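Since the model is a prediction, treat every value here as computed from it, not as a measurement. Atoms within a ligand are numbered from 1 in the order they appear, just like the ligands themselves. Only this structure's heavy atoms are used, side chains among them; waters, hydrogens and symmetry mates stay out.
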Amino acid sequence: MTAPVLGPRSGTPAAEGFRIPGEFEPHDACWMAWPARPDNWRADAEPARAAFAAVANAIAVSEPVVVAVNPADTDGARAVLGERVSVITIPSDDAWMRDIGPTFVVDDRGERRGIDWRFNAWGGERGGLYASWAQDDAMAAAVCGYEGVDRYRAPFVLEGGAIHADGEGTLLVTEECLLNPNRNPDLSRAEIETLLRDYTGAERVVWLGLGVVNDETDGHVDNLCCFMRPGVVALTWTDDRTDPQYERSLDARHRLEGATDARGRQFEVHLLHQPGPLTVTDQEAAGVQPVPGTQPRVAGERLAASYVNFYPANDRVIVPLLDRARDDAAVTALAALFPDREIVGVEAREILLGGGNIHCITQPVPAAPVH
Ligand code: KQY
C-alpha cells in the first residue's frame, strides 16, 4: 500500500495556530525506520535490527508502532517485529526517524499537521555523515501521506532530534548544532530563532551550548537534555571533573538554572549520570564496512552515550541500557520522574554504535487534543 504524497502547505504552523506538543503528552502512534546500511551498522545490521525490534516491540505494548522498511528488507523485518507492529515499505538512506520523519504539530481544534524539515545528513557537504540523502529527505512527506495529514516544508535545515518542546511554548536547542555552519550558514542566530518560533509555535527558545562529547549530530539536544513535563528537565551528567562531558553539562546546568520558560517558570533540573565513558571495540569497528564519504567507525573512539535519549511512550518509558554499572541508577531516577509509567530498559549498545539512541530512532504521532 502506498499513500499519496501531497504538496506542502503555504504559511507557517505558528501563524495557523499550531504548536509542537510535549513528547510526554499522549500519542496515537510511533514511527520508526529499519537499519540496513553496512557502512554504519556492523555485521550487515543484524545486531542493530535485533535492538530496533526490541525497541519497537516494547513501544507497541503501549501505542501502535509503524516501521518504514526498505523494499528489500520488508520480509526480514516482518519476521522479527511483533504482530502489534505495522511494516510499511518506504525507502530510506538510514534509520533515524526522529530526524528524517515529520515533527508533528497540533492545534486546539484537534487538527494535526507535519513539519518536513530540510535534511542534509547532519552536515551536507561540510561533514555530513553520508553522501546521498535524498530518500531520507523524502521520508517526512511520505509519513505525512500515510498519516493523512497536511505538511509544511520548512525553508531551513533542522532535525527533529535538534529540538525539544515542552508543549507550552518553550523550546530547548544547542548552539553547537543549530549555529553550526554545516546546517544553515546563511542564517544568523536571530533568523534561526525566528524560524524556530514560526515553525514550532515556541515563544521562548532556551539555547544550551555544547551537546554530548563526540556526538556526530553536532550536539543534538535530545542526547543532552529533555523535558519530562513543563518546567522539569533531565540533563546528562558526570561527576568526573576530568571528563570532557563535565564542562559541557555544567554549562548547560548553569544556563538552565539561569533561564525561565515561556510561562515564567524556573527549571527543575534532574541530573542523569552518563554511562561509561564507552568506546568502540576492535570487533565492533571491524564489523562495519567502510565507504568513502561515510563517517568511519574507529576502534577506541568514544561513543556519545546518554540515558537522556529515551522514548516516553503512553504508559511506559523505553530507556537505553548501556552500562551495567550505571543502568540501574538511571532506571531508578526515571521511575521517580515518571511515577505513572513503567520504566522498560532495552539493550541499546547496537543502536549507540550507529551514532544515536532510542529517542533518535522514534517519532511520535501526538494525539490531537480535542477541546
Ligand atoms: O542521533 C541521531 N539523531 C542521529 C544519529 C545519526 C548517526 C548517523 N550515523
Query raised in the report: Between Phe104 and Arg113, is any pair of side-chain heavy atoms under 4.5 Å apart?
Result: no
Report all N/O contacts between ligand 1 and the protein shorter than 3.5 Å as a table of atom names and distances to 0.1 Å; if there are none, say 'none'.
from     : atom 1 : to     : atom 2 : distance (Å)
ligand 1 : 3 (N)  : Asp99  : OD2    : 2.7
ligand 1 : 3 (N)  : His220 : ND1    : 3.4
ligand 1 : 9 (N)  : Asn40  : OD1    : 3.1
ligand 1 : 9 (N)  : Glu216 : OE2    : 2.6
ligand 1 : 9 (N)  : Arg297 : NH2    : 3.4
ligand 1 : 9 (N)  : Gly354 : O      : 2.9

Query raised in the report: Going by the angle between their ring planes, with limits at 30° and 60°, are Trp117 and Phe156 parallel, tilted or perpendicular?
Result: perpendicular
Requested in this report: List the steps and the verdict of ring-ring contact (aromatic ring centres under 6.0 Å, His included) for Tyr130 and Trp122.
Outcome: CA-CA 9 Å; Tyr130 35 82; Trp122 309 274; 5.8 Å; yes
Report task. Check whether the side chains of His220 and Glu176 place a donor and an acceptor atom closer than 3.5 Å, and report yes or no. Result -> no
Requested in this report: Examine distances only and state if a side-chain atom of Asp261 and a backbone atom of Arg263 form a donor-acceptor pair shorter than 3.5 Å.
Outcome: yes
Query raised in the report: Is it the case that Asn40 and Asp94 place a side-chain donor and acceptor less than 3.5 Å from each other?
Result: yes
